[in-house]
Amino acid sequence: KYGTMRENCLGLTAVLASGEVVRTGGRARKSSAGYDLTRLLVGSEGTLAVLTEVQLKLYPLPAAVSAATCSFPTLSDAARAVAGLLQCGVPVSR
């Protein structure tokens with residue numbers, strides 16, 4: 001629903017193996033100035049640098065949350081129910 005960590009990370013501070021401190025990202029929403037080091041470092045999962053500070057997007061809490069468990073006699077009945085929910089505009093997540 002909210003995307004991956006790579007899309008939600010706006011900027012970061014990292015320490016490279018050489019000990020150099022690198023700051024990436026910024027206030028600009030889009031930039032085409034070279035490689036996207038923020039996404040590269042987040043995607044490397046700690047193999048390129050140690051992340052010491054991360055700036056993340058914040059999302060407001062939803063107004064309401066509900067959950068349901070449904071069982072269906074056949075797979076096609078379940079598929080029809082899901083299609084009907086989506087056509088009615090009911091937000092469905094995993």
**Request:** Flag yes if Leu16 and Leu12 sit in one hydrophobic cluster, no otherwise; membership is Ile, Leu, Val, Met, Phe, Trp, Tyr, and two members link when side-chain heavy atoms are under 4.5 Å apart.
**Result:** no
**Complete:** On a heavy-atom basis, the closest approach of Leu51 and Ala14 is CD2-CB, 3.8 Å
**Prompt:** Among the clusters formed by ILVMFWY side chains lying less than 4.5 Å apart, do Leu48 and Val15 turn up in the same one?
**Reply:** no
**Message:** Working to the nearest 0.5 angstrom, can you tell me the gap between Gln55 CD and Asn8 CG?
**Reply:** 13.5 Å
**Asked** Counting distance only, does the side-chain N/O of Thr52 pair as donor-acceptor with the main-chain N or O of Thr13 below 3.5 Å?
**Response** yes
**Request:** For Leu56 and Cys9, work out which heavy atoms get closest and say how close.
**Result:** CD2-CA, 4.0 Å
**Asked** Under a single-linkage definition using a 4.5 Å side-chain heavy-atom cutoff for Ile, Leu, Val, Met, Phe, Trp and Tyr, are Leu40 and Val54 assigned to the same hydrophobic cluster?
**Response** yes
